[in-house]
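Structure, as structure tokens:
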Amino acid sequence: MAPHVDPVRSDEALPARADVVIIGGGIIGVSAALFLAEKGVSTVLCEKGHIAGEQSSRNWGWCRKMGRDPRELALIIESLRLWQGINERVEAETGFRQPGIMYLAETPAELGELETWLEHARQYQLDTRLVSRAEALALMPGLTGNWVGGLFTASDGKAEPQRAAPAIAEAARRKGAAILTQCAVRGIETAAGRVSAVLTEKGRIACAGVVVAGGAWSRLFCGNLGIELPQLKVLASVMRTEPLSGGPEISASGGLFGIRKRMDGGYTVATLGVRTIDLVPDNFRLFFPYLPAARLHWKKLRFRIGRRWVEEWRMPRRWGLDQTTPFEVVRVLDPEPDPYVLDRARTAVGEAFPLFRNVAVAERWGGMIDVMPDAIPVISPVDSLPGLYIATGFSGHGFGIGPGAGKLVVDMVTGAPTLVDPTPFRLSRFTDGSGPRPHPLAS
Ligand SMILES: Cc1cc2nc3c(=O)[nH]c(=O)nc-3n(C[C@H](O)[C@H](O)[C@H](O)COP(=O)(O)OP(=O)(O)OC[C@H]3O[C@@H](n4cnc5c(N)ncnc54)[C@H](O)[C@@H]3O)c2cc1C
């Protein structure tokens, strides 16, 4: 079941031209549209389904620095600065607050692993610190169990995924961007070796710049352009409870559960502990690039084979711009949640917080996370096609970093000094022999 998302209406007319076209109306695409519009750059955002229909409305809503891959730290720090002003900027409620995030440890060895990350926190002067069992219990009302302590970042935040990207999209429109939904982009036209237009299902938009912010569809889109993007999909499952009083304000994860208090008074509940992989042909095509990540997370992975194999096997990987594309066939990627994963998360949260045992689950949903072999995104120009930029592959942590990533890609498109050093996010890392690797401590 798809979670409810604040609706964003579509502009009616397809502009004949724009400076920049953004493909995808998730948190990355709408943030880029906002910052482009604020700079007075004429911008059209095309979304095949509805705004935030995929990952950006289905995530946990954590905006965290803690536990990040060090290569992302500078960008998440800037992103949180942008989140802090976002409600005023978009004149709407995105739900952004900073109640803090806690990672609980069940054993001294686990606490030791968490402690290793503190070295990165120190380098960036973050307020992340180890807390004792007693302090964890004091910070999190209702917590029981044998936790030995935790890692806590008081300034880490949260926002409402079902409200944030729609609010940003509406603000982008007020500042001059055109927002088109039910408008799949089929491909790109070039002239003199650079981007000259996008072809949508509704017609052509002449443009000098294109940002691919297509989430889990980016590999397919780029593949048709002859650009290899080694991206895969991982199923994550989530539920939300009915309102529950007396529980923690702080977002937390430990063992097999993760929770965040929502503005509606309920909790978003899920787990970092199990990830479902529905095998598809791409898992075999990309077997070697993903081997290091698979080795690192082996115990957390749950492989299945079924309908999705057939669906992806049948999906065309090449098409002409006058043909119906897979983006028009699947308007919203709405996978079934994995009941095995959710049942385990439910049991685990009830053990940690007895308060949760009797609360009703109001909704369950699945979301397809777009991952990269090194679990950090691509935010990069495409050297082989001037005018084309990619911002995708956020590997399960793109919501919090979304505004920062949107700003970074806009800096690239407009030739402004970049918000942070973009080198770690370059597309060419997969081909220049630098051997991208997942960071062993990052989550
Ligand atoms: C269950 C779950 C939990 C998560 N928890 C967190 C969290 O707590 N914190 C965090 O920071 N991150 C989290 N994430 C990750 C985060 O949600 C994503 O990294 C982020 O939302 C990615 O945003 P996006 O804009 O790149 O992609 P998406 O939100 O997936 O948007 C891409 C959009 O592009 C559109 N599109 C694709 N191709 C085309 C085309 N050809 N034409 C037109 N439109 C197209 C799609 O329809 C889609 O709407 C989680 C993800 C999931 C699934």
Side-chain angles (χ1 to χ4, degrees), residues 3 5 21-32 45-65 67-68 72 76 79-80 83 101 156-159 161 164-165 168-169 180-188 198-201 210-222 224 231 233-239 251 253 258 260 268 270-272 275-276 325-328 330-335 337-338 341 365-372 377-379 390-406 409 443:
V5 185
V21 174
I22 296 167
I23 304 172
I27 191 79
I28 308 301
V30 299
S31 299
L45 182 148
C46 297
E47 163 55 52
K48 67 180 169 59
H50 56 270
I51 296 298
E54 298 191 349
Q55 295 175 84
S56 294
S57 63
R58 293 161 189 261
N59 65 70
W60 297 14
W62 287 23
C63 303
R64 66 176 168 88
K65 302 178 288 276
R68 288 253 168 197
E72 287 186 344
I76 186 65
S79 197
L80 279 164
W83 273 115
I101 296 183
D156 268 351
K158 63 176 181 179
I168 297 171
L180 301 174
T181 60
Q182 300 289 310
C183 184
V185 176
R186 291 178 172 172
I188 291 174
V198 298
L199 246 293
T200 79
E201 61 181 308
V210 170
V211 177
V212 178
W217 298 90
S218 306
R219 170 172 168 79
L220 190 66
F221 187 86
C222 288
N224 196 46
Q231 182 184 50
K233 304 183 192 84
V234 175
L235 173 67
S237 305
V238 184
M239 57 195 150
S251 309
S253 83
R260 174 184 65 87
T268 293
T271 177
L272 277 177
R275 289 280 157 92
T276 316
T325 62
F327 315 116
E328 292 142 80
V330 183
R331 291 285 166 190
V332 178
L333 191 52
D334 182 24
D338 183 346
V341 172
W365 63 80
M368 273 309 174
I369 293 181
D370 59 336
V371 296
M372 301 307 293
V378 172
I379 309 171
I390 296 177
T392 195
F394 286 84
S395 303
H397 36 262
F399 182 67
I401 218 168
V409 76
S443 48

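Numbering of ligands and ligand atoms starts at 1, following listing order. This structure is a prediction, so every number in the text was calculated from the model and none was measured.
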*How far is atom 31 (O) of ligand 1 from its nearest protein heavy atom, and which residue and atom name does that atom have?*
Gly26 CA, 3.4 Å

*Could you pull out, from Arg275, Met368, Lys48, the option with a heavy atom nearest to atom 45 (C) of ligand 1?*
Lys48

*What pairs meet the salt bridge (Lys or Arg N to Asp or Glu O under 4.0 Å) rule with one or both residues in residues 392-406, with sequence neighbours excluded?*
none

*Using only heavy-atom distances, determine whether the side chains of Asp370 and Thr392 contain a donor-acceptor pair under 3.5 Å.*
yes

*Per-atom contacts of ligand 1 with Gly214, taking only distances under 4.0 Å to non-hydrogen atoms*: 32 (C), 34 (O), 37 (C)

*Counting from 1, what ligand 1 atoms have a heavy atom of Ile23 closer than 4.0 Å?*
39 (C), 40 (C), 41 (N), 42 (N), 43 (C)

_Validation row: Cys46, Val21 side chains within 4.5 angstrom (heavy atoms)_ = yes

*Between Arg58 and ligand 1, find which residue part has any heavy-atom pair under 4.0 Å and reply side chain, backbone, both or neither.*
backbone

_My understanding is that we take every heavy atom of each candidate and find the minimum distance to atom 9 (N) of ligand 1. Doing that for Phe399, Phe394, Trp62, which one comes out nearest?_
Trp62

*Tell me which protein heavy atom sits closest to atom 26 (O) of ligand 1, plus the residue, atom name and distance to 0.1 Å.*
Ile28 CG1, 3.3 Å

*Taking only residues two or more places apart in sequence, or in another chain, which ones meet Glu54 in a salt bridge (charged side-chain N to carboxylate O under 4.0 Å, His left out)?*
Lys48

*If you have a sec, work out which protein heavy atom is nearest atom 50 (C) of ligand 1 and how many Å separate them, to one decimal?*
Asn59 CB, 3.1 Å

_Below a 4.0 angstrom heavy-atom separation, can you tell me which part of Ala270, side chain or backbone, both or neither, approaches ligand 1?_
neither

*asked:* Could you tell me, atom by atom, which parts of ligand 1 come under 4.0 Å of a heavy atom of Ala184?
replied: 42 (N), 43 (C)

*atom 41 (N) of ligand 1 [closest protein heavy-atom partner, distance rounded to 0.1 Å]*: Val185 O, 3.0 Å

*Which residue owns the protein heavy atom closest to atom 38 (N) of ligand 1, what's the atom, and how far is it?*
Trp217 CB, 3.5 Å

*Under the 3.5 angstrom rule, does the side chain of Arg68 hit a backbone N or O of His397 as a donor-acceptor pair?*
yes

_Residue Ala236 vicinity, atoms of ligand 1 by number, heavy atom under 4.0 Å_ = 1 (C)

*From Lys65 atom NZ to Leu80 atom CG, the distance as rounded to the nearest 0.5 Å*: 5.0 Å

*asked:* Please list the nearest protein heavy atom to atom 28 (P) of ligand 1 with its residue and the distance rounded to 0.1 Å.
replied: Ser56 OG, 3.8 Å

_Residue and atom name of the nearest protein heavy atom (relative to atom 14 (N) of ligand 1), distance in Å to one decimal_ = Gly396 O, 3.2 Å

*Numbering as shown, the atoms of ligand 1 that approach Val238 to under 4.0 Å (heavy-atom distance)*: 1 (C)

_Under 4.0 Å from a heavy atom of Gly400: which atoms of ligand 1 are those, numbered in the order shown and with their elements?_
10 (C), 11 (O)

*For atom 19 (O) of ligand 1, grab the closest protein heavy atom and report residue, atom and distance to one decimal in Å.*
Gly398 N, 2.9 Å

